[in-house]
Each structure stands twice: as C-alpha cells, then as structure tokens.
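All remarks here apply to the structure that follows.
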2 protein chains.
Amino acid sequence: MKKSDQASFLPVVRELSRTYQAFEQFASYNIRRLGLTPPQFDVVTTLGNSQGMNCKELSDHTLITKGTLTGVLDRLEDKGIVVRSMQPNDRRSVFVALTPYGQELFSQAFPAHLDYMHNAFQQFGEQDLSGFCNELGRLRASFSQALEQQESEPA
Amino acid sequence: MKKSDQASFLPVVRELSRTYQAFEQFASYNIRRLGLTPPQFDVVTTLGNSQGMNCKELSDHTLITKGTLTGVLDRLEDKGIVVRSMQPNDRRSVFVALTPYGQELFSQAFPAHLDYMHNAFQQFGEQDLSGFCNELGRLRASFSQALEQQESEPA
DNA sequence: TATTGTTATACTCTATAACTATA
DNA sequence: TATAGTTATAGAGTATAACAATA
C-alpha cells in the first residue's frame, strides 16, 4: 500500500488551512480598518511591545524576510508610524522604533484589537485554550522538523 | 478589568499563526519544485479531483476570489495545465478543466505531494489526527461566526 | 570573509469596482 | 435585475540575487 493511499492526515491539512483562513479573514477585517495590512500590524505590535530593535531582530520576530521588510518599513515610515535611525555601535545596523504617533496608535489599537479578537474566544475556557495551544504546538514542531529534514537533504 | 487585560487567548492566536506559517513553508517547499505557486496548486488539485467545473464553483472551493482566479487561470493556461471552454447551456459560464498534460501532472504530483506531506505526520496516530481536526474545527467555527457577527453589525 | 540592510527585478496575489454578455 | 466572468487599477507582498557599507 502506498503512503498516499492512507492519507488520513489530509483532513487535518485541509482543516488547518480553513481555520487559518477564517482567522486571517476575521483578524484582517479589523486590522484594515486601521489602515494597516497584516504584516504592517505585525511589525507595529512587535515594536510596540519593545523599545525598538534593528531590522535583523524585527525580521526574526515577524518572519518577514529582510528584502520584504525594507518595503514594509518604507510604507510605515511614510505613514509616520515608525522611524529608522543609525546605530553608533554597529553602523551597518538600522534601529527601528515607533514614532510618538506610532506609539499612540499602538497603545490605542492594540488593546482594541484584543477586545475585538476576544469575540471569537468567548465560548472557550482556559482549558480549551491550553488544549488548542498544545495541539497546535505539536503540529508546528512536526512541520518545522520535517522542513529541516528536507532542507538538509540533497536536492 | 478590561477584556484586553485577560487575553488568555493570545497564545492560541500566536500559535495558530506560527503553525500555519510552518505548514505553509513546508508545503510550498515542495509545491514550488513543481513550478507552481500554492494557489495554482490548489486549483490543480481541486480540478484533478473532479471532472472540471466553472469558475464560480472553483472560486468557492479554493476561496480565491473571481478577479484573482482569472489571473491564476491565465497563468495555468499559459503553462498548458488547464483549459477553458464555453458551456452551451449557460453561455455566461466558463468550464475549466485540466488538459491531458495537467492530468498527467496531477496524477504524478498529487500522490508525490501526499507522500511528502506524510513526513510531517509520521509520529501521529489516528487518534491524534482526529483530535487535531476537532480542535481546529471548533476554532474555525468560532472565527467564522465572529466574522459574520461583525459584518452584520453597523460599521 | 561575513553580516546588515537596500536595491533591483520580475512575478503573483489582493481588493475593489466597472464592465460585458448573458440569463 | 441578477449572475458569470473579464478587465482595469493600484497596491502590497514574495523570492532571488546583486550590491554597498561595515565588521
């Protein structure tokens, strides 16, 4: 019997995609009302929960690759939300932080977004939530591991 | 206490995003080797598991909106993978199906992709998998419902 | 030599809405 | 009037690689 004949994991894959799409739709419905795209919002919240960081760290946190990040930051800078500055200690590095306006946006929009997201979780208790986290974590670990295996193999 | 102060669902949201990203990376690593993008692959597998369908049905299955679908189909047609034809019964409708080459691609690539995906699920048993589906399904239902609520509210 | 970030290129997808041809 | 699909527009993210400045 070929492996593909017993693809009992297929429903999981389908369900994961559908669930993420539903989440993405729900979340971005609110995010776009702020005039932001999801990647932009991701950057703003990452910066908002820190004192600022360089592009490399920002890229690691958001999983946005450096080439793309330049464009995202450009657009956020145009909107006056973030500011770039040079670092004296390492002059290759660019320090990125929220502007005062960006901080105001963050401190207003982030709690509001949490309240919004809360609507989707009202029916779940602590136990449900930690159950979700566990299951998702198991899946994620497995995908990461499988990808690493692939990448380390000869093409 | 404000709702946002007790955001115990935040880890779930983060974990769902990370998990999906890990899945997406893992899956697309293989899909791109076929010279396809994930949306294109989605269309190919949807068509491959059917006798063909019109754009409306295809859009419903893949969740790709009609405007985007036109472009995706254009590129698949350029590659000789799908073919569009008119329907005599409803001349507004366009029937989309795999070409013989597209069918060959599908019948070779789809099982291969399942075998590839299988690598990420080896460690899970039937019970794990159905557990994942249940949890994901609960989440999805909740997101869908919450979005509907939002959309029905006065902006 | 390796790293940080920008630039360049070319493509792909997205959202939105106007448009056509049918029904 | 409503529906199916295309077209138009403008933007935004993606992958990739070359590049400049710095370490």
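Here is the naming used below: chain letters follow the sequence lines, and residue numbers restart at 1 for every chain.
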| Say you draw a straight line from CG of A/L136 to CG of B/L136; how long is it, rounded to the nearest 0.5 Å? | 6.0 Å

| CZ on B/F132 to CZ on B/F121, rounded to 0.5 Å | 7.5 Å

| message | So that I can tick it off, tell me whether A/K79 and A/D74 are bridged by a salt bridge, with the cut-off set at under 4.0 angstrom between side-chain N and carboxylate O. | response | no

| said: Quick test of your reading of the model: are A/R18 and A/E15 salt-bridged, counting only N-O distances below 4.0 Å? | reply: no

Tell me: [atom1] of [X] to [atom2] of [N], nearest whole Å?
X: B/M86; N: C/dA23; atom1: CE; atom2: C1'; value: 15 Å
X: B/I31; N: D/dT14; atom1: CD1; atom2: P; value: 16 Å
X: A/Y29; N: C/dT16; atom1: OH; atom2: C1'; value: 15 Å
X: A/I64; N: D/dG13; atom1: CD1; atom2: C1'; value: 9 Å
X: B/L69; N: D/dA8; atom1: CG; atom2: C1'; value: 17 Å

Minimum-distance nucleotide to [X] side chain [options: [options]]:
X: B/K66; options: D/dG13, D/dT22, D/dT6; value: D/dT6
X: B/V94; options: C/dG5, C/dT12, D/dG5; value: D/dG5
X: B/R91; options: D/dA15, C/dA23, D/dA4; value: C/dA23
X: B/N54; options: C/dC13, D/dG5, C/dG5; value: D/dG5

Does [X] have a side-chain nitrogen or oxygen under 4.0 Å from the phosphate oxygens OP1 or OP2 of [N]?
X: A/R92; N: C/dA2; answer: no
X: B/T37; N: C/dC13; answer: yes
X: A/T68; N: D/dA15; answer: no
X: B/R84; N: D/dT6; answer: yes

Within the structure shown, what part of the strands sits under 4.0 Å from [X] by heavy-atom distance: base, sugar-phosphate, or nothing?
X: B/S93; answer: sugar-phosphate
X: B/G71; answer: nothing
X: A/K56; answer: sugar-phosphate
X: B/D74; answer: nothing

| said: Around atom CD of B/E104, are there more than 12 heavy atoms from other residues, nucleotides or ligands closer than 6.0 Å? | reply: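 12 or below, so no.
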
| request: Report the residue (A/E57 or B/R75) whose heavy-atom-nearest nucleotide on DNA chain C is the more 5′ of the two. | output: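 Closer to the 5' end of DNA chain C: A/E57.
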
| said: Closest-nucleotide mapping onto DNA chain D: is A/Q87 or A/T65 further toward the 5' terminus? I mean the 5' end. | reply: A/T65

